[in-house]
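In what follows, a single structure is set out as structure tokens and then discussed.
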Protein chains: 2
Amino acid sequence: MTEAPQAGGLSDRLVDGLLDLISEGALGPGDSLPTVRELAQRFSVTTPTIREALRRLQTTDAVRMRHGSGIYVGEGIHRKLMPNPNSTPLKDEHIIQLVEARLTIEPGIAALAAANRTVDDLERLARAVDTAKRAADDNRPKLNFHRELAAASGNQVLFEVVDSLLAARSREQRALRAQIENHTRDYDQHVAIFLAVEAGDAEQARLLTEQHLRDLRTTITTNLGGHE
Amino acid sequence: MTEAPQAGGLSDRLVDGLLDLISEGALGPGDSLPTVRELAQRFSVTTPTIREALRRLQTTDAVRMRHGSGIYVGEGIHRKLMPNPNSTPLKDEHIIQLVEARLTIEPGIAALAAANRTVDDLERLARAVDTAKRAADDNRPKLNFHRELAAASGNQVLFEVVDSLLAARSREQRALRAQIENHTRDYDQHVAIFLAVEAGDAEQARLLTEQHLRDLRTTITTNLGGHE
DNA sequence: TGGCGAAAATTGACTAAATCACTTGCTCAA
DNA sequence: TTGAGCAAGTGATTTAGTCAATTTTCGCCA
């Protein structure tokens, strides 16, 4: 019956209206939107009101508001899955659940990557393996091995899953992580996984990734359980 | 150079301040927050400004604003992963990627569920199996089998992964889904998976789930790929 | 006494009109 | 060519209200 054109509050409708504006304009990340004042006029509301809708879109990086410059479409506009941008500090329990989730998910992704990787993927994977070694003096952006491995699977959704899991942790565990991780062992295992992916050996990539994450889980649980 | 006492914009600081308010007050979903005017006064800003921060928190269901009633903590406050709340319509390509992602992830979750399920999990799983049959006349909430299966794994992060994947699709694919899915086959396969989980047979649960999702993928790709 | 219903208080939603702060691009001189 | 500085454009925030939905209060009536 009622097709519910009035979904709810004005703010909800403005969010939809802004998303429509982006869709209908075929706008992508980096493209600019009208000014706040123009948007307010176009939707027949005042600036504080359109601003609330823009803040909601900013939360998921659907838009970016740059002071003095303008409003732009962000990378989040195409995203399907994401880490909670309003996250509360993680408890130890969740850190363990995070690594166990990766242990469940990533071996299958490694197998997919071995089957689907392109030469471009291999190049980025190789750079990711090295990134850990060269530390900070590099001018090129730091690449995370597990993130690039997921990208090599060719499935954007799986990439977003892994990216979200990694982001959820790195939000605050950076200090601890640097201490408890075994960088030498990680490097060797990353190299082994890379070689399996390069060779297109899906089963080997799966097994090596599983063992790699099993070791990581052991390291984390022992360093976390004895402490607090 | 970079003295960085100011984390960023005022709105960012207000979001953090509100999250701190929730954390320090040990508030959980359902608990109420001060009124907009009180919050504005407490943070020494005006109402439109605190309102923008509240809208950002509302985006992830960290808070809920109920007109005339008040502001309350929402379920999203504990969430680590979520579907994009400002999503753009999915393309066919992404729908296929979604089911392939599930095919990669869910068999392992089924195995975990077989190992970790409690009697309470089994009861909810059984209800989820039936839900599809009884359609809408039920007063009890509809339970999704795959969501409950993920819950039975005992890992909250894995549950959120599956929940996000399911939510991303169901946002708009409901009409299509009803047409292309084979409900009878799904029911039979759900029953088989349930029995394996109940028996604690992890490998059987993994294999059955893999086959179930393989069938689902075939159904979707054939009904979708007519143009490609 | 019990509860029903209207009025009042509370609270979020939104408007309106400014002012402040940051960016960008332009001009012009060194 | 370079750099400083000005000026216009744009987002950020304030101030001071009005409107609308909910909740509570309390008197009236059965």
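Letters go in sequence order (proteins before strands), and every chain restarts at 1.
- In this structure, the side chain of A/Arg117 engages the main chain of A/Glu198 through a donor-acceptor pair within 3.5 Å.
- Side-chain atoms of A/Asn86 do not come within 3.5 Å of backbone N or O of B/Val15 as any donor-acceptor pair.
- Along DNA chain D, the stretch of nucleotides lying under 4.0 Å from any heavy atom of chain B spans, 5' to 3', D/dT13 to D/dT23.
- Shortest non-hydrogen contact noted between B/Ser153 and B/Asn116 is O-ND2, 3.1 Å.
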Per-nucleotide protein contact along nucleotides 21-26 of chain C, 5' to 3', at a 4.0 Å heavy-atom cut-off (B base, S sugar-phosphate only, - neither), is BBBS--
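- By the side chain to side chain donor-acceptor pair (under 3.5 Å) test, A/Thr47 is found to be paired with no residue, residues two or more places apart in sequence or in another chain being considered.
- With hydrogens and angles left out, the side-chain atoms of A/Asp20 and A/Ser23 include no donor and acceptor closer than 3.5 Å.
- With respect to B/Glu160 and B/Lys80, no salt bridge is recorded, no charged nitrogen being found less than 4.0 Å from a carboxylate O.
- Take B/His146 and apply the ring-ring contact (aromatic ring centres under 6.0 Å, His included) test, not counting sequence neighbours, and it matches B/His190, B/His212.
- Listed by residue number, the members of residues 19-30 of chain B with any heavy atom below 4.0 angstrom from DNA chain C form an empty set.
- Under the side-chain contact (heavy atoms from CB on, under 4.5 Å) test applied with A/Arg217, the options A/Thr221, A/Ile220, A/Leu213 reduce to a single match, A/Thr221.
- At a threshold of 4.5 Å between non-hydrogen side-chain atoms, the residues B/Thr49 and B/Phe43 do not count as touching.
- Remark: B/Ser44, B/Val45, B/Thr46, B/Pro48, B/Thr49 in residues 41-59 of chain B come within less than 4.0 Å of DNA chain D through at least one heavy atom.
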